[in-house]
There are 2 protein chains.
Amino acid sequence: MSPTPGRRRAPSKGDRRERAILDTARTLLAHKPLADITIDELAAGAEISRSSFYFYFDSKLSVVVTLLRALTGELNADAGPWLDGTEPDEPGLRRAVATLAAIWRTHGRLLTGVLAAAPTCAPIGQWRAGLREAHIARLAARIERGRAAGLAPAGPDPHVLAGMIDDLQTATFAAATDPDGLVDDLVTVQLRMLYGQLPPRHSSGSSARGTSGDHAMASSTRRPNPNSSPE
Amino acid sequence: MSPTPGRRRAPSKGDRRERAILDTARTLLAHKPLADITIDELAAGAEISRSSFYFYFDSKLSVVVTLLRALTGELNADAGPWLDGTEPDEPGLRRAVATLAAIWRTHGRLLTGVLAAAPTCAPIGQWRAGLREAHIARLAARIERGRAAGLAPAGPDPHVLAGMIDDLQTATFAAATDPDGLVDDLVTVQLRMLYGQLPPRHSSGSSARGTSGDHAMASSTRRPNPNSSPE
DNA sequence: GCTGGAATCGACACAGTGTCGAGTTTTTCG
DNA sequence: CGAAAAACTCGACACTGTGTCGATTCCAGC
């Protein structure tokens, strides 16, 4: 094999195997959640035995984290001019959201699969939290600038509002079948959250407080396993 | 034991055991996610052997589903007048959100624990989906009424918008440490999403398209397990 | 052709789940 | 009361998935 000048080195057998594992993981994640994927499958996909898998990765998680590292750049890149601007520049926002939507279109299954695992497993949760915090910080700063410039109405604490927007975007795309179709709506809603003025109040406000407290737990006669069919 | 007249029957040993399992589950869920709870623990909490557990419930899931059934009523009850009204009645919305916040304050750990498991396990996912759909249906109807009456500006499809609001609420409370503190913000944001008018546009729109495409996947020299420390 | 690291694998130990059948306890009612 | 029925309990087992270890094979460079 001529070591093509310019390339450091021909990819070794191990390199190919590692990629094969990663590719298999990507493929499988498109079909089922992380929790349902076994190391056997990952290994089989790369045509090695289960124990050989451990030569390449510590665990399923390490595989996913590696996959995620590759996505982080893309995910951050979308932010661009919108987050660093100040004006309520709709086209800029639309561009940002559209880019995000494109990522979700391509990597949607991976992202939802991984996000599903986030609450349960620390490293993934941290990855998500990192992205979220980064987004919130920039967006909150943007909100502050906008308000200071009199471009946006007062409202919730910028960090809280930014968090809501981030959550909204993630939840919306995660639930979507067609991310691109949601871009316009997401833009509209986001602009309203940031800049929406409420029409004058009709007043007539009373701040009552009502805490409903009724429980009702039926206790039927028990047969072995009265509680039925989960999964 | 005098069978207190008025009561059907003294709770049998089995009844007490079943409750003990449920209580244990509630307690444990406050401390760790569903996935980290074993049947051993549940059984131990009720002072029975692991295999006896299966006399009462099919699986961990059945336990949680039972827990959830008890919550469903409360969760639906909050909706009340706000969802069935038409006017942008802020106090009504505040009352609804405050009630929801109260539920999250009391059952927060249970809810986040359970919600964390939702993507992975069908029955929980269905429970969540059911609540969500019910909320969306009523809220979407409300939005349509409001728009028809000229009270709310046009915007995203009512079902989409309603879904966003539901997601927003869930995500916000799930991430919150102090649900009650978020009521005002949630009310403000929700009203803006529904009724917010955008100030007149400055125009100057160009709809360029930018798809950034750079990857960078470092492939270092491999040692056994180059991928480190997950969990 | 030999040597050392890269890569591979089978066997093992462990943790959790769910089932089965054989026991014990409690309730029912003749 | 006392025997049959039901409610309940448990140990032993089979199974799935994870991660570790040590022995073995492969292969590049000297």
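Every heavy atom of this structure was used, including side-chain atoms; hydrogens, water molecules and symmetry mates were not. Source: prediction; values computed, not measured. Letters A, B, ... mirror the listed sequences (proteins, then strands); counts begin at 1.
Counting to the nearest Å, the P atom of D:dT18 and the NZ atom of A:Lys60 are 5 Å from each other. Spacing between atom CZ of B:Arg16 and atom C1' of C:dT25 amounts to 13 Å, rounded to whole angstrom units. Going from atom CZ of A:Phe53 over to atom P of D:dT18 covers 9 Å, rounded to whole Å. For A:Ile21 and C:dT8, the CD1 to P distance is 9 Å, given to the nearest whole Å. Going from atom CG of B:Asp58 over to atom P of C:dC20 covers 13 Å, rounded to whole Å. Going from atom CZ of A:Phe57 over to atom P of D:dG19 covers 14 Å, rounded to whole Å. For A:Phe55 and D:dT18, the CZ to P distance is 20 Å, given to the nearest whole Å. Distance CG (B:Asp40) to P (C:dG18): 12 Å, rounded to an integer number of Å.
The listed nucleotides are C:dG18, D:dT18, C:dT8; the one nearest the side chain of A:Ile48 is C:dT8. You'll find that the side chain of A:Arg50 is closest to C:dC12, out of C:dA7, C:dC12, D:dT9. Of the candidate nucleotides C:dT8, D:dG19, D:dT9, D:dT9 has the atom lying nearest to any side-chain atom of B:Arg17.
Proximity of B:Ser49 to the phosphate of D:dC10: a side-chain N or O atom is located under 4.0 Å from OP1 or OP2. Phosphate proximity of C:dA6 to A:Tyr56: absent, as no side-chain N or O sits under 4.0 Å from OP1 or OP2. Checking the phosphate oxygens (OP1, OP2) of D:dC10, a side-chain nitrogen or oxygen of B:Ser52 falls inside 4.0 Å.
The shortest non-hydrogen separation linking B:Met193 to A:Arg192 is O-NH1, 2.8 Å. Nearest heavy atoms, A:Val189 versus B:Pro156: CG2-CG, 3.9 Å. Considering all non-hydrogen atoms of both residues, A:Trp82 and A:Ala96 come closest at CB-CB, 4.2 Å.
With a 4.5 Å cut-off on side-chain heavy atoms, B:Leu61 and B:Ile124 count as touching.
The side-chain contact (heavy atoms from CB on, under 4.5 Å) test with A:Leu28 singles out one residue from A:Leu110, A:Asp36, A:Asp23, A:Leu42, and that residue is A:Leu42.
In terms of polar N and O atoms assigned as donor or acceptor, the side chain of B:Ser51 comes within less than 3.5 Å of the base of D:dG11 in a complementary pairing.
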